[in-house]
Amino acid sequence: MTVRVRFAPSPTGYLHVGNARAALYNFLYARGRDGVFILRGDDTDRARSNDEFRRDILDGLGWLGLDWDEGIEHGGPHEPYYQSRRFDRYREVAAALAAAGSAYHCFATEEQLEAFRAEARAAGRTPAYDGRFRVSDDEARRRLDAGEAAPIRFAVPRPAATTFRDLVREEVTFDHDQVDDFVILRSDGSPTYHLASAVDDVDFEISHVVRGEDLLSSTPKHILIAAAMGAGAPTYAHLPLLMGPDGRKLSKRHGDTSLRAYRLGGYLPEAVVNYLALLGWSPGDDVTIVSMDEMISGFDLADVNKNPAVFDVEKLEWMNGVYIRSLDDDEFVRRARPVVEAHVGRPLTGEEAARLDMMAPHLKERTRLLAEVPGQVGFLLGDVDHDERSWNSVMTKPEAGVAVAAANRVLEGLESWDVDAIEAALRSMLEAEGLSARKGLQPVRVAVTGSSVSPPLFESLEALGREVSLARLAVALDRLDD
RNA sequence: GCCCCCAUCGUCCAGCGGUCUAGGACUCCGCCCUUUCAAGGCGGCAACAGGGAUUCGAAUUCCCUUGGGGGCACCA
């Protein structure tokens, strides 16, 4: 049997990192087994779904590199892949189930249902509606013909139970007195999630349903529907949920939960994929950095952890730094330059771009997020602003003036402006003035970069060029005189 | 309240009856390197939730307790 998995997000919000991980696991499972990865739009909730969210999901998956074989925007044998366009099919199934006796029109009032649930709860039972207010088929027919609107509920067999084998949770059983006669078609003729999802899984020939644990207790409903349709249910795998640092379900109050926040925040998709993959799964050894290919060949749903994982941004950031450092210089620039340009609000000049190129190896070494780059390269663009804290802590020292003046003198006389020459000149300056590297070079750093914290000084001077460098030393000297 | 699931360092994982005085990674703390900041190297702090049972032997199996998570809609 060929593996056919689906990622079926509801476009009722930005793509959540937890859903992104579910998408990744689906993808890995399919790719490692010669399977088909399908993207479906579970947008039965038309009021809350919108195109901005649909776009965000597509953008997010594309960014992560999780390309799908079939579904939204790619087409396939089961088009359309948006549930909002398959309502007729769901109505057809609902009608067929009703005709076959697997479902029925429900005329219970809201009050009756509420009273029943309150009573059940008070009696220590799960408040699952058991169909006790179901009317005879004749009466139902009559009331329907009279124009009364009624939802269709699934007639859950009872007493009975549903047992299924979950790839990550092993065998799970739900007694049917925990499962209510759930609505499959609302009185307005729209399908509920359970109906649409189960029908699509059958129609699209889904072999494995890989989704969040929040759907675990709804699984009997889906299995029941599939069976009533005369089909076999897919194999299920319920993934543990993602938690915030406080152990509560990951939500906005923990910071960014949308993938887009990371996409826009200077993270590399490779790092995010790697990090997400390891939240609930590991290749087995003590490895942390894993390539997509390694994940694909090593991933198995049976190896997924059962317990919820805390999303730790600190580790993601560290990992992002690892991936940034592993980029080659050109690639680093290719990704960082747009971030810098967006920050300054204009394209870089040729000269500035050249400086960025030259500094790339030193920049990527100290970058965890691309968003940090603009701050690191500010001194390479336009004029320097002296950071006041840096100035006060470094330039007020007695040796500062001496060092800057001496550096200015020695650099002025340099024949060729390259790192080696610059370093040699400054080192001899230090010796001549009897200054330690720390004491003698920090003032120069502040003068040239505006800050006591910057990329390596010699390289920075080289990238900046002779004229700009000397001009900055002169400016600092002036300010020192005041 | 009822049902389901889960339980190893603060966090993410390894461990799947003996090789565990429990390993790796993040974080944190030292030291080294060093022109700042990083990166890197070395070292350190830190866990099998508790109690029974099975077994010659349990982090690994079973039961109970406790704790955490999820679900219980004409939401998805």
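Lettering follows sequence order; numbering is per chain, from 1. In this text, all values refer to a predicted model and were calculated from it rather than measured experimentally.
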So, do A:E423 and A:V419 sit near enough that their side-chain heavy atoms are less than 4.5 Å apart? no
Mind checking the NE2-CG spacing from A:H386 to A:N392? Nearest 0.5 Å is all I need. 12.0 Å
Could you tell me if A:R46 sits above the aromatic ring of A:F87, with its cationic atom closer than 6.0 Å to the ring centre and no more than 45 degrees from the axis? yes
From CA spacing to verdict: side-chain hydrogen bond (donor to acceptor under 3.5 Å, both in side chains), A:T162, A:H176: CA-CA 7 Å; A:T162 293; A:H176 286 185; 2.6 Å; yes
Given the P atoms of B:G52 and B:C74, what is the spacing between them in whole Å? 48 Å
Picking from A:R158, A:K221, A:R153, A:R134, what satisfies salt bridge (Lys or Arg N to Asp or Glu O under 4.0 Å) with A:D181? A:R158
Say you pick atom P in B:G41 and the same atom in B:C26; how far apart are they, in whole Å? 9 Å
Between B:C13 (P) and A:M319 (CE): distance, integer Å: 12 Å
One pair to check against side-chain hydrogen bond (donor to acceptor under 3.5 Å, both in side chains): A:Q178 and A:T126. What are the steps and the verdict? CA-CA 6 Å; A:Q178 303 303 324; A:T126 294; 2.3 Å; yes
For B:A7, does OP1 or OP2 lie under 4.0 Å from any side-chain N or O of A:N305? no
Measure the distance from CZ on A:F154 to C1' on B:C74 and round it to the nearest whole Å. 17 Å
Between B:A76 atom C1' and A:L195 atom CG, what is the distance in whole Å? 14 Å
In whole Å, what is the span from the CG atom of A:L113 to the P atom of B:A73? 9 Å
Within 45° of the six-membered ring axis of A:Y25 and under 6.0 Å from that ring's centre, is NZ or CZ of A:R21 located there? yes
B:A49 - base-pair partner by Watson-Crick or wobble geometry, distances under 3.5 Å: B:U65
Check ion pair A:E213-A:R169 (N to O, under 4.0 angstrom): yes
Between CD on residue A:Q83 and CZ on residue A:R40, distance to nearest 0.5 Å: 5.0 Å
Output one letter per nucleotide in nucleotides 25-38 of chain B: B when a protein non-hydrogen atom lies under 4.0 Å from the base, S when only the sugar-phosphate is that close, - when neither is. BSS-------BBBB
Considering every strand shown, what is the Watson-Crick or G-U wobble mate of B:G43 when both distances are under 3.5 Å? B:C29
Separation between the C1' atoms of B:C6 and B:A49, rounded to whole Å: 13 Å
Using a heavy-atom cut-off of under 4.0 Å over every strand shown, decide if A:R121 touches base, sugar-phosphate, or nothing. base
Under 4.0 angstrom, heavy atoms only, what part of the nucleic acid is A:I289 near: base, sugar-phosphate, or nothing? nothing
For A:D181 and B:A73, give me the distance from atom CG to atom P, rounded to whole Å. 13 Å
What interatomic distance, in whole Å, is found between P of B:A39 and the corresponding atom of B:C29? 13 Å
Taken to the nearest whole Å, CZ/A:F174 to P/B:C4 is 8 Å
With heavy atoms under 4.0 Å as the rule, sort A:M243 into base, sugar-phosphate or nothing. sugar-phosphate
Taking the same atom, P, in B:A46 and in B:A22, what whole-Å distance lies between them? 11 Å
Would you say the base of B:C3 and the side-chain of A:S217 have a donor-acceptor pair closer than 3.5 Å? no
A:R48 and side-chain hydrogen bond (donor to acceptor under 3.5 Å, both in side chains): which partner among A:T44, A:N50, A:D45? A:D45
Base, sugar-phosphate alone, or nothing: which one does A:H194 contact when heavy atoms must sit under 4.0 Å apart? base
The test is side-chain hydrogen bond (donor to acceptor under 3.5 Å, both in side chains); show your working for A:D200 and A:Y90 and say whether it passes. CA-CA 9 Å; A:D200 283 359; A:Y90 307 136; 2.8 Å; yes
Of all pairs that satisfy salt bridge (Lys or Arg N to Asp or Glu O under 4.0 Å), the ones with a partner from residues 389-406 of chain A, not counting sequence neighbours: none
For B:C74, take OP1 and OP2 only and decide whether either is under 4.0 Å from a side-chain N or O of A:S187. no
Pairwise 5' ranking along RNA chain B for A:G124 and A:V168, keeping only the more 5' one: A:G124
Listed nucleotide nearest any side-chain atom of A:L216, set B:C74, B:A7, B:C5: B:C5
Students often get this wrong, so: under 4.0 angstrom with heavy atoms, is A:T126 touching a base, only sugar-phosphate, or nothing? base
Rounding to the closest angstrom, what is the interatomic distance between B:A59 and B:C48 at atom C1'? 5 Å
Output yes when at least one side-chain N/O atom of A:R153 is less than 4.0 Å from OP1 or OP2 of B:C74, else no. yes
Report the relative orientation of the aromatic rings in A:Y262 and A:Y267; use parallel for angles under 30°, tilted for 30 to 60°, perpendicular for over 60°. perpendicular
In whole angstrom, give me the gap between the C1' atoms of B:A25 and B:U8. 15 Å
Under 3.5 Å, which N/O atoms of the protein pair with N/O atoms of nucleotides 45-48 of chain B?
none

Nearest to the side chain of A:T44, which nucleotide is it out of B:C4, B:A7, B:A76? B:A76
Complement of B:C16, any strand, by Watson-Crick or G-U distances under 3.5 angstrom: none
From CD of A:E171 across to C1' of B:C4 the rounded distance in Å is 13 Å
Could you check whether A:R54 makes a cation-pi contact with A:Y82, meaning its NZ or CZ is under 6.0 Å from the centre of the six-membered ring and within 45° of the ring axis? yes
Just call it for A:G280: base, sugar-phosphate, or nothing, with non-hydrogen atoms closer than 4.0 Å on any strand. sugar-phosphate
Roughly how far apart, to the nearest Å, are B:U60 and B:A53 at atom C1'? 15 Å
Residues from residues 387-401 of chain A sitting under 4.0 Å of RNA chain B, heavy atoms only? none
Rounded to whole Å, CG of A:N50 lies from P of B:A76 at a distance of 16 Å
Basic-acidic side-chain contact under 4.0 Å: A:E331, A:R335: yes
Between the protein and nucleotides 58-65 of chain B, list the N/O to N/O atom pairs that are separated by less than 3.5 angstrom.
none

Excluding sequence neighbours, so at least two apart, what forms side-chain hydrogen bond (donor to acceptor under 3.5 Å, both in side chains) with A:S390? A:D387, A:S452
Both A:S10 and A:L279 contact RNA chain B. Taking the nearest nucleotide for each, which residue is further toward the 5' end? A:L279
Should the pair A:F107 and A:H105 be assigned to parallel (<30°), tilted (30 to 60°) or perpendicular (>60°) ring geometry? tilted
